[in-house]
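Computed over heavy atoms, backbone and side chain alike; hydrogens, waters and symmetry mates excluded.
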Amino acid sequence: VFDAQGRSLPGVKVDVERIGGDGSARRVDSDYTSDGFETNARGEVMFRFPEENAKYRLTATANGVSASKEILVDGAAIYRLALTLKLENK
């Protein structure tokens, strides 16, 4: 997760939802907490899911600003996705 200047954002909350074939979304919780996921010091977050075809929506939120993207997962692999949050400069 990055800011508009391309800098990594640590500590950003990331929610993951699995998108069903009918378009419905179901939240995916972390193994460690039901409060979602959080980016590390490099602005990265890692997920591990079962090896099956699925569509996921990732939403990053910080300071009331959100950005989302969907990704289609079709098997065991590393998928990279970048989200940019347009935060107010302070």
Side-chain angles (χ1 to χ4, degrees):
V1 177
F2 302 97
D3 66 12
Q5 290 74 38
R7 294 180 298 239
S8 299
L9 293 173
V12 173
K13 182 179 177 191
V14 178
D15 288 317
V16 180
E17 297 171 295
R18 183 176 174 145
I19 309 298
D22 61 357
S24 64
R26 181 177 56 89
R27 185 169 177 209
V28 176
D29 290 328
S30 163
D31 288 341
Y32 307 104
T33 176
S34 62
D35 198 28
F37 299 84
E38 191 173 288
T39 59
N40 64 18
R42 295 184 307 241
E44 301 169 336
V45 65
M46 184 176 70
F47 313 97
R48 290 188 181 163
F49 298 118
E51 289 185 40
E52 58 190 13
N53 292 347
K55 186 179 198 178
Y56 293 94
R57 179 184 306 124
L58 283 72
T59 303
T61 305
N63 299 331
V65 177
S66 296
S68 296
K69 284 189 181 177
E70 293 182 358
I71 187 168
L72 182 60
V73 175
D74 58 7
I78 294 173
Y79 295 85
R80 298 185 190 278
L81 182 72
L83 294 169
T84 300
L85 295 178
K86 296 182 180 179
L87 301 171
E88 293 289 324
N89 291 334
K90 293 184 179 181

Undergrad: Distance from Glu70 atom CD to Glu17 atom CD, nearest 0.5 Å?
TA: 9.0 Å
Undergrad: Going through the distances and angles, do Leu83 and Val12 end up as a side-chain contact (heavy atoms from CB on, under 4.5 Å)?
TA: CA-CA 11 Å; Leu83 294 169; Val12 173; over 6 Å; no
Undergrad: Transitively linked via ILVMFWY side-chain contacts under 4.5 Å: Phe47 with Leu72?
TA: no
Undergrad: Rounded to the nearest 0.5 Å, what separates atom CD in Gln5 from atom NZ in Lys86?
TA: 11.0 Å
Undergrad: Please tabulate, one pair per line, all N/O donor-acceptor pairs under 3.5 Å involving side-chain atoms of residues 19-26, not counting sequence neighbours.
TA:
unit_1, atom_1, unit_2, atom_2, d
Asp22, OD1, Ser24, N, 2.9
Asp22, OD1, Ser24, OG, 2.7

Undergrad: Any idea which heavy atoms bring Asn53 and Asp74 closest together, and the distance?
TA: OD1-CA, 3.1 Å
Undergrad: Under 4.5 Å between side-chain heavy atoms, counting indirect links through other Ile/Leu/Val/Met/Phe/Trp/Tyr residues: same cluster for Ile71 and Phe2 or not?
TA: no
Undergrad: How far apart are the closest heavy atoms of Arg27 and Asp15, and which atoms are they?
TA: NH2-OD1, 3.4 Å
Undergrad: From the options Leu81, Thr84, Leu58, Thr59, select the one residue that forms a side chain to side chain contact (heavy atoms under 4.5 Å, CB included) with Lys69.
TA: Leu81
Undergrad: Among Asn63, Thr61, Val1, which residue satisfies the side chain to side chain contact (heavy atoms under 4.5 Å, CB included) criterion with Leu85?
TA: Val1
Undergrad: If hydrophobic clusters are built by linking Ile, Leu, Val, Met, Phe, Trp and Tyr wherever their side-chain heavy atoms come under 4.5 Å apart, do Tyr79 and Tyr56 end up in the same one?
TA: yes
Undergrad: List the atom of Val14, the atom of Val45, and the distance in Å for their closest heavy-atom pair.
TA: CG2-CG1, 4.2 Å
Undergrad: Is the CD atom of Glu51 crowded by more than 12 outside heavy atoms at less than 6.0 Å?
TA: no
